Amino acid sequence: MAEMKVGEVIQQPLPQAGNVKKCTPKQEFWRKFKKQKMALAAGFFVVILFLLGIIGPFIAPFGAAEFDYDHILEGPSAAHWAGTDAYGRDIFSRILIGTRLSLFVSLLSVFLGAVGGTVLGLISGYYGKWIDNLIMRFCDILFAFPGILLAIGIIAILGPGLGNVVIAISIFSVPIFARIVRSSTLQVKATVYVEATRSIGAKPRRIIWKHIFPGTLSSIIVNFTMRLGTAILTAASLSFLGLGAQPPSPEWGAMLSGGRDYLNNAPHVTFFPGLAIFLTVLAFNLFGDGLRDALDPKIKD
Amino acid sequence: MLKFFLKRLIGIIPILFFVSIFIFLFVHMIPGDPARLVAGQDASLADVQAVQRELGLDKPLYTQYADFVKNIVQGDFGLSLKTKRPVFDEIAARFMPTFWLTFWSMIWAVLFGLVVGVFSATKRNKWQDYLGMFGAVSGISLPSFWLGLMLIQLFAVNLGWLPTGGMDSWKSYILPSITLGAGVAAVIARFSRSSLMEVMKEDYIRTGRAKGLKENKVVWGHALKNAMIPVVTMTGLQFGFLLGGSIVIETVFSWPGLGRLLIDSVSFRDYPVIQAEMLLFALEFILINLFVDLLYGVLNPQIRYE
């Protein structure tokens, strides 16, 4: 056996574990995400929902305010897949048309809340000290109210209406995002590459947006998806209570609320809008769960 | 231990302070003059000014705040604009129905959620687990008012087993508490499953198994106790959601509680009642969180020394 030099050992290729391939974070994410069949299906459903949100009004067989007093409170049939309501309007069409409304309200309100919360969370986590204290105490106050109560309080001031529902939901989403972003900011801030950036003299604003913000993005995305479901539920609840969308709007919660008086002889009027809310929220939650599992570095296969 | 308790107790004082300011300012954020609102639409200017004096609205803001706190401490929340009765009496009459509804919802939700969670964790990645967890995510996604209406449809209208609403006998509690607790049960099931799975990886579980303990004893005797600590916190936090949820559920079931009073007050713009209810809900939520925090310290000694 030939004499072996110290250097030779190092030159040998390192043993590769199994068939693990090197991949970018994106590929890694997709590899983990596509394994979760349920989340994948939910993601597909969410895409369809957004498509329906865009084209819903064009493909709906009837108009949202198409009255037909010869066919009121009829059960599901070939002509009216989900039956008709007390004014003879086609419930299936109204649900299709209302998809846009529900998605828009939840997207906008969670987006506003996420932007506000992210900015506050980044500032709070990066600068620390009194400003961190101030922002976190502000969050504590908002957290002292159960979400829907805060929304009702805000609507009590601003008055009922879907626009005010958006404001209310975004306000109570702010502290949720602020807290999450703050804690990931603290983690990212402690990494060596942020330390390095700081030591070459980068300005705080650059460090925050170029180096810390991307690191917090995955937790923001996961929570964004999860909050969308909650936002749809809250908006529908408020409309159901008569504080959000007002009839004759084809908003799902408002439709459901309108069906309450006919529960005895026409339960389908409440059943179908509720089913639409349930399936939509379920899809967002399953999708969010899948995203979380795929983005969380702690969860190994 | 005492130091930990005191620290937490003192910790809620600033929150109470800011929440009280927030709620005090609430009435001032309403567009329009509160005095005109109290005096009524067709009151004369002199009437409005009289109400202003009576409510102390002509005083500087900090004096008003001091009076506000003083009155609250004495249980004086003013008069309801709708019934002209003291707000305190209005709320006191509605407190117990909501309390019992939340209480029973919590009891079944915790028990049921725990059983599903533990069962799912022990049957990890088997069909029972998938079924349990799909049930749980569905529970989180259900619009509670819809669930309530569907339960009324099935059990009250079609089968006639249970009342559609109101609060007459123990039977009246069944549907509202199932509806209210469903979401909480789902959250607890998910949380206890992941918490238990985390604990099952610990060395002392392996030791227990190596000693030849029966699996049931390992799970229920050793693992569950430690897995429960985060679940307790979660359960406490869920109380807040129950309080919020009760607002919707009480409307569905015509429950004579605080939630329905709140909705009625919002439609009537009965601001003194809304203000008092917001304060009460926030106070309950803060106290529950404090209690959970303290309990957490009792269950997990490490927390106390942080």
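Sequence lines set the chain letters: A, B, ... in the order given, protein chains first and strands last, and positions in each chain run from 1. None of the values given here were measured: they were computed from a predicted structure.
Heavy-atom pairs under 4.5 Å with chain A were tallied for B/F285, B/F281, B/Y130, B/W146; the largest tally goes to B/W146. Note on A/L142, A/L256, A/I148: by heavy-atom pairs under 4.5 Å with chain B, the leading option is A/L256. Note on B/Q275, B/E277, B/E284, B/R190: by heavy-atom pairs under 4.5 Å with chain A, the leading option is B/R190. By number of non-hydrogen pairs under 4.5 angstrom with chain A, the leading residue of B/V266, B/I140, B/L142 is B/L142. Your options are A/L243, A/L275, A/T234, A/I154, and the one with the most heavy-atom pairs under 4.5 Å with chain B is A/L275.
Only the side chain of B/F134 comes within contact range of chain A, judged by heavy atoms closer than 4.5 Å. With a 4.5 Å cut-off on non-hydrogen atoms, B/M278 touches chain A through its backbone and its side chain both. For a residue to count as touching a neighbouring chain, one of its non-hydrogen atoms must lie under 4.5 Å from one of that chain's; by this rule B/I274 touches chain A with the side chain only. When heavy atoms are compared at a cutoff of 4.5 Å, B/V248 approaches chain A by way of both its backbone and its side chain. Contacts of B/F18 with chain A are made by both backbone and side-chain atoms, with heavy-atom separations under 4.5 Å. For B/R260, no part sits under 4.5 Å from any heavy atom of chain A, backbone or side chain. With a 4.5 Å cut-off on non-hydrogen atoms, B/L242 does not touch chain A at all. No part of B/L283 comes within reach of chain A, as not one of its non-hydrogen atoms sits under 4.5 angstrom from that chain.
Put simply, the side chain of B/Q238 never gets that close to the backbone of B/V184: no donor and acceptor are under 3.5 Å apart. For the pair A/D140 (side chain) and B/I15 (backbone), a donor-acceptor distance under 3.5 Å is absent. Side-chain atoms of A/E251 do not come within 3.5 Å of backbone N or O of A/A245 as any donor-acceptor pair.
Classified by interplanar angle (parallel below 30°, tilted 30° to 60°, perpendicular above 60°), the ring pair A/F240/B/F145 is parallel. Between B/F95 and B/F99, the angle of the ring planes stays under 30°, which puts this pair in the parallel group of the 30/60° scheme. Ring-plane geometry between B/Y65 and B/F24 is classed as perpendicular, the angle between the planes exceeding 60 degrees on a 0 to 90 degree scale with a lower cut at 30.
The line from CD1 of B/I263 to CD1 of A/I152 is 4.0 Å long, rounded to the nearest 0.5 Å.
A salt bridge between A/D132 and A/K129 is absent, with no side-chain N of the basic residue lying under 4.0 Å from a carboxylate O of the acidic one.
Counting heavy atoms from C-beta on, the side chains of A/R182 and A/L120 never come closer than 4.5 Å.
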